[in-house]
J.: 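Sharing a structure, written as structure tokens. Questions coming.
No experiment lies behind these values; they were computed from the predicted model shown. Letters A, B, ... are given to chains in the order of the sequence lines, protein chains preceding strands, and every chain is numbered from 1.
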2 protein chains.
Amino acid sequence: MDETRLRLLNAAGPIFAERGYRATTVREISQEAGTNLAAISYHFEDKEGFYVAAVKHAAQGCMDRVPLPQWDAETPAEEKLLSFVTTFLNRVAVDHDPAWHGQLLMREMVLPTRACAEFVRDYVRPMHGMLIGVLTELMPNSSEKERWLTALSIVGQCLHHRVGQAVMIELTGETAVAAFGVKKLAEHITSFSLAAIQQATKQRLTTKKPPTSGTTHRVDRPARKRGSR
Amino acid sequence: MDETRLRLLNAAGPIFAERGYRATTVREISQEAGTNLAAISYHFEDKEGFYVAAVKHAAQGCMDRVPLPQWDAETPAEEKLLSFVTTFLNRVAVDHDPAWHGQLLMREMVLPTRACAEFVRDYVRPMHGMLIGVLTELMPNSSEKERWLTALSIVGQCLHHRVGQAVMIELTGETAVAAFGVKKLAEHITSFSLAAIQQATKQRLTTKKPPTSGTTHRVDRPARKRGSR
DNA sequence: TTTGAATTCAAACACTTGTTTGAATTCTTC
DNA sequence: GAAGAATTCAAACAAGTGTTTGAATTCAAA
């Protein structure tokens, strides 16, 4: 029956997310799912195959729950960025149930397993492409590398609200998501990034060589050395 | 002998960092260290106590290798931020050996164990305090919450170069650290953040009360529609 | 209803895990 | 150098792991 498969997958998500792959036992999951122990080996090849399927199942559920935003041609790029960031935060950082989606995907990101390649293909790459598209609109005359760096800055800001959750609680007693809410957080990240983008664009237009004008910003530059291995 | 302790701790770091706590066996570590299996239970209480000691050992080594920057009173805040970011990146993101330091600490951050509290106290809190101090200089008249959000944005950008490493490689074939180098990356993050800070400061000075967003999905500052009209 | 395949189930298997044991060895102190 | 503590060592232990087995049950088509 296909129902057993589904029950197993649904039960697996939260447990894998909380305990991690190694610390989770197939007995625990089968018991939680109300199925027999051997059902996992029967319906999936083995524990690892089962884990991969569970990750894919979680990612799919996450994408269904928080779909990518859709824009018409007239939507200004700034608004696109805001909705993108909001979607991103909702997908990974937010604690409303099922909260384990983001948790599980973050695990996959930090210590990738066999599921990582598919995860990147189905989940990361579309979002990355969408962000690069928005940045291309926002940053006229920018190089590909500049857009890449900017994308990293934006993604890093969003992801940190999931990755740094435990440390945030230990450090300040609560998460920023709980303190500010997704909306406020998304607005901060968006305006923060837009300001940086706009200044960089202005600099690119006025002069070739950005001298980091404004306040005194002196960087000791120890000549040229090339030591990357 | 104290040497056995040290050999175990040094051997434990890379293995714990690569495989994670559960997937690492004490046999593997004792063999790598060239000690007897029972030495771990003898010198440390059990595997978990051993792991906590290994994390602390790694954090200490990391802090010794890349100490916090020290500034005199005349150092401009912008320069402080750059050196802070550089230090941060060097501590967590860089691949020069021993690269496992950052890896292990990131694991502790993502899935905290008993070592997390001490890790935050000895490692995270000093850096956080230092960053908040710099931001206080950079953001006159800012509220504590604004500084907190800004700190999160900066830390998120730095940490992403460790956290997102595996996905970055899967997505683009190489890490940004490898492609740009720490210096360039630190300069990007610093100028990116400085631009956002300066614009926010300017806004704070011009308008006493920032327009609180209503229910409409709009960016802080109403975006200009692109294109000719 | 009959038949054969698909699925479930309890039990057992083969293996790895962290930990303990008690003797052997080394180190420290007088 | 001898006594006693500290440390190392090979071996064994007990518990838990993923997986397999083969019979029992359910399901679906003739």
Side-chain angles (χ1 to χ4, degrees), chain A residues 1-58 100 103-104 107-108 111-116 118, chain B residues 1-58 100 103-104 107-108 111-116 118:
Chain A
M1 183 74 74
D2 205 36
E3 186 201 332
T4 304
R5 254 186 90 95
L6 256 180
R7 282 226 308 277
L8 281 172
L9 287 176
N10 286 329
I15 302 180
F16 273 134
E18 183 177 339
R19 300 231 211 294
Y21 174 73
R22 298 298 284 243
T24 301
T25 70
V26 291
R27 278 175 176 78
E28 193 178 0
I29 293 180
S30 63
Q31 187 171 345
E32 178 70 25
T35 73
N36 187 269
L37 169 62
I40 291 180
S41 293
Y42 179 76
H43 285 280
F44 310 88
E45 177 107 2
D46 50 10
K47 186 189 177 184
E48 191 182 349
F50 177 51
Y51 175 77
V52 173
V55 169
K56 288 173 68 174
H57 183 67
W100 49 270
Q103 179 92 2
L104 187 56
R107 269 186 203 279
E108 191 55 37
L111 56 123
T113 66
R114 260 179 26 194
C116 186
E118 298 183 58
Chain B
M1 183 70 77
D2 205 36
E3 187 202 331
T4 304
R5 253 186 90 95
L6 256 181
R7 282 227 308 275
L8 281 172
L9 287 176
N10 286 329
I15 302 180
F16 273 133
E18 183 177 340
R19 300 230 210 296
Y21 174 73
R22 297 298 285 244
T24 301
T25 70
V26 291
R27 278 175 174 79
E28 193 178 359
I29 293 180
S30 63
Q31 186 171 346
E32 179 69 26
T35 73
N36 187 270
L37 169 62
I40 291 179
S41 295
Y42 179 78
H43 285 281
F44 311 88
E45 177 104 3
D46 49 11
K47 185 189 177 183
E48 190 182 350
F50 176 52
Y51 175 75
V52 173
V55 170
K56 289 174 67 174
H57 183 68
W100 48 271
Q103 178 91 1
L104 188 56
R107 269 186 204 279
E108 191 56 37
L111 56 124
T113 66
R114 262 178 26 194
C116 186
E118 298 182 58

J.: Considering all heavy atoms of both residues, which atom of A/F16 and which atom of A/R107 are nearest to each other, and what is their separation?
T.: O-NE, 3.6 Å
J.: Between C/dA10 atom C1' and A/Q31 atom CD, what is the distance in whole Å?
T.: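 To the nearest whole Å, that distance equals 14 Å.
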J.: Just checking A/S30: base, sugar-phosphate only, or nothing, at a heavy-atom cut-off of under 4.0 Å?
T.: nothing
J.: When the distance from CD1 of A/I40 to P of C/dT8 is rounded to whole Å, what number comes out?
T.: 12 Å
J.: Scan side-chain atoms only and decide if A/E48 and A/T113 contain a donor-acceptor pair under the 3.5 Å cut-off.
T.: no
J.: When you check the phosphate oxygens OP1 and OP2 of D/dT8, does a side-chain N or O of B/T35 lie under 4.0 Å from one of them?
T.: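 So the side chain of B/T35 is outside the cut-off, no N or O lying under 4.0 Å from OP1 or OP2 of D/dT8.
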J.: Whole angstrom is fine here: how far is it from CZ in A/R22 over to P in D/dT17?
T.: 12 Å
J.: Let me spell it out: for each of A/Y42 and A/L37, pick the nucleotide of DNA chain C with the closest heavy atom. Which residue's pick is nearer the 5' end?
T.: A/Y42
J.: The side chain of B/T25 lies closest to which of these nucleotides: D/dA10, D/dG18, C/dG18?
T.: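 When the side chain of B/T25 is considered, C/dG18 is the closest of D/dA10, D/dG18, C/dG18.
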J.: Rounding to a whole Å, what distance do you find between B/R7:CZ and D/dT7:P?
T.: 14 Å
J.: Starting at the 5' end of DNA chain C and moving along, which residue's nearest nucleotide shows up first, B/E45 or A/A39?
T.: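 Checking each residue's closest nucleotide, the 5'-ward one belongs to A/A39.
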J.: Measure from the side chain of B/K47, starting at C-beta and using heavy atoms only, and say which of C/dT20, C/dG18, D/dT19 lies closest.
T.: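 Comparing C/dT20, C/dG18, D/dT19 against the side chain of B/K47, the answer is C/dG18.
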J.: D/dG1 pairs with which nucleotide, Watson-Crick or G-U wobble, both distances below 3.5 Å?
T.: C/dC30
J.: Mind listing the closest non-hydrogen atom pair of A/V26 and A/L37 along with its distance?
T.: CG2-CD1, 3.7 Å
J.: Should A/N36 be listed as having a side-chain N or O under 4.0 Å from OP1 or OP2 of C/dT7?
T.: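 False: A/N36 side-chain N/O out of range (4.0 Å or more) of C/dT7 OP1/OP2.
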J.: Compare side-chain N and O positions of A/H43 against OP1 and OP2 of C/dT8 and report whether any pair is under 4.0 Å apart.
T.: yes
J.: So, for B/S30 and B/L8, which heavy atoms are closest and what is the spacing to 0.1 Å?
T.: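 In this case the closest contact between B/S30 and B/L8 is CA-CD2, 4.2 Å.
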J.: If you take atom types as modelled and just measure distance, does the side chain of A/R27 reach the base of D/dG18 with a donor-acceptor pair under 3.5 Å?
T.: yes
